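Accompanying notes for the structure given below.
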2 protein chains.
Amino acid sequence: MTGSVRDDVALGALGESLGFLLRLSQLESFRDFYHGLGDLGMRPGEFSVLMLIAENPRIRQGVLAKKLMIKRAHMTKMVQAMEAEGLVGRSVPEDDKRSIELHLTKAGHARIAAMRTPFEAHEARNLTRLSDAELAEAKRLLKKYLGLPE
Amino acid sequence: MTGSVRDDVALGALGESLGFLLRLSQLESFRDFYHGLGDLGMRPGEFSVLMLIAENPRIRQGVLAKKLMIKRAHMTKMVQAMEAEGLVGRSVPEDDKRSIELHLTKAGHARIAAMRTPFEAHEARNLTRLSDAELAEAKRLLKKYLGLPE
DNA sequence: GCAAGATAGTTTCCTAGTAGACAAAATTGC
DNA sequence: GCAATTTTGTCTACTAGGAAACTATCTTGC
């Protein structure tokens, strides 16, 4: 994708490996995320945590971790950090004393709002690599791969 | 994808984010890799290093790192470990005393051979989630996204 | 009702991977 | 030809994320 050095390297069977292609694509996508939103001091994983809490007020920490494929231990650390930063509030639900429910604070909502435009720009930049139809199809296929509803 | 807990969580805008879907898919794919090949004591990244060296004998370490989107520092560590393990040999090319060329040892080739069947099984398991045509299309789209030749 | 089993979050330790700095060697620009 | 700049691999310090162990709480099976 840049320069001729890369084009001289034969991928062999790896070039036909979905896992490999997914890995490279993910790295590429995250690189673009950091490029466009890195100044806002938030990593992709943290952003997805905030977004999901916003979309699902009072979601339980473990449920969130599972949905985002983040390990519980790490989710604890992330949430604690975001609580300390004032973005997230935590509470213990009455019906399950083991759990933690999460909600966004005003600052959390403001953070998300601040990231909206750069995030959309990040997403739009996908169209420099794929057409509108191809992008839609890629998303559809990935959702199917993941077993997510359309 | 398992249980009803996950289905109750709304993804919102994230569900339409290519980067997010790529991330989850990559995690999923790697999980399957570890499930099928974890016993062989090799991680996806290491496997891809060995494969690419096999496919490109005498490839330079930095070229390899760039192709696999692995940072130079980490590539050094990985290659040193594999050299210590007897899988990879290193040499300094005559025309560039700064560089390191890599080649597979007999043991390296044997390692790859031992991983062939489980790797192919790992790839084949993609067909439990996508059809033949969908899998081919997904790969095509990812390659296009990455700017790789077909 | 109660013990056994499972779950939820936490803490600590560990690892995979990165950033930054550096020296040696190659390349570039004049 | 030569100084300035860039490249290549290495090492060290750091970080993002996971594994394992643990406690408190809930659920299940009898």
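The chains referred to below are lettered A, B, ... by the order of the sequence lines, with proteins before strands, and numbering in each begins at 1. Side chains are part of it too, since the values below use all heavy atoms of this structure and drop only hydrogens, waters and symmetry mates. Predicted model only: the values in this text are computed from it and were never measured.
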Backbone N or O of B/A10 within a donor-acceptor pair of the A/N56 side chain at under 3.5 Å?
yes
Calculate the interatomic distance between A/R60 atom CZ and C/dT10 atom P; express it in whole Å.
13 Å
B/K67 versus B/L52: any side-chain heavy-atom pair under 4.5 Å?
yes
Which is true for A/S99 with a 4.0 Å heavy-atom rule: it touches a base, it touches only sugar-phosphate, or it touches nothing?
sugar-phosphate
Sorted by position of nearest nucleotide on DNA chain C, 5' first, the leading residue of A/L27 and A/M75 is A/M75
Report the residue (A/E94 or A/G45) whose heavy-atom-nearest nucleotide on DNA chain D is the more 5′ of the two.
A/G45
So, does B/Q61 get its side chain near the phosphate of D/dT10, meaning an N or O under 4.0 Å from OP1 or OP2?
yes
Could you state the atom-to-atom distance from CG of B/D96 to P of D/dT6 in whole Å?
17 Å
Using whole Å, what does the distance between atom C1' of nucleotide D/dA19 and atom OH of B/Y34 come to?
13 Å
How long is the span from the NZ atom in B/K143 to the OG atom in A/S25, to the nearest 0.5 Å?
11.5 Å
When the nearest nucleotide of DNA chain D is assigned to B/R23 and to B/A73 on a heavy-atom basis, which residue is associated with the more 5' position?
B/A73
What pairs with A/R140 under salt bridge (Lys or Arg N to Asp or Glu O under 4.0 Å), at least two apart in sequence or on another chain?
A/E137, B/E134
Is the backbone of B/E101 close enough, under 3.5 Å, to the side chain of B/Q61 for a donor and an acceptor to pair up by distance?
no
Using a cut-off of less than 4.0 Å, is there contact between a side-chain N or O of A/R43 and OP1 or OP2 of D/dG17?
yes
So does B/R31 get a side-chain nitrogen or oxygen closer than 4.0 Å to the phosphate oxygens (OP1/OP2) of D/dG18?
no
Let's see if you can work this out: which of D/dG18, D/dC11, C/dA8 has an atom nearest to the side-chain heavy atoms of B/Q80?
D/dC11
From the list D/dC26, D/dT10, D/dT8, which nucleotide is the closest neighbour of the side chain of A/K97?
D/dC26
Does the side chain of A/R72 get closer than 4.0 angstrom to OP1 or OP2 of C/dT10 through an N or O atom?
no
Measure the distance from CD1 on B/I100 to C1' on C/dA25 and round it to the nearest whole Å.
13 Å
Which of D/dG18, D/dT8, D/dT10 is nearest the side chain of A/K71? It is D/dG18
Spacing of B/D95 atom CG relative to D/dT8 atom P, expressed in whole Å
12 Å
Please report the distance, rounded to the nearest Å, between CZ in A/F30 and P in D/dG17.
8 Å
In whole angstroms, how far is the C1' atom of C/dG9 from the NZ atom of A/K66?
15 Å
May I have the distance from A/L68 (atom CG) to D/dG17 (atom C1'), rounded to whole angstrom?
14 Å
Is there a side-chain contact between A/R98 and the phosphate of D/dC22, meaning an N or O under 4.0 Å from OP1 or OP2?
no
I need the full list of salt bridge (charged side-chain N to carboxylate O under 4.0 Å, His left out) pairs touching residues 71-83 of chain B, with sequence neighbours left out, sorted by first then second residue.
B/E83-B/R90
Base C/dT15 to side chain B/K77, donor-acceptor N/O within 3.5 Å cut-off
no
Which nucleotide in the set C/dA16, C/dT10, C/dA8 lies at the smallest distance from any side-chain heavy atom of B/H74?
C/dA16
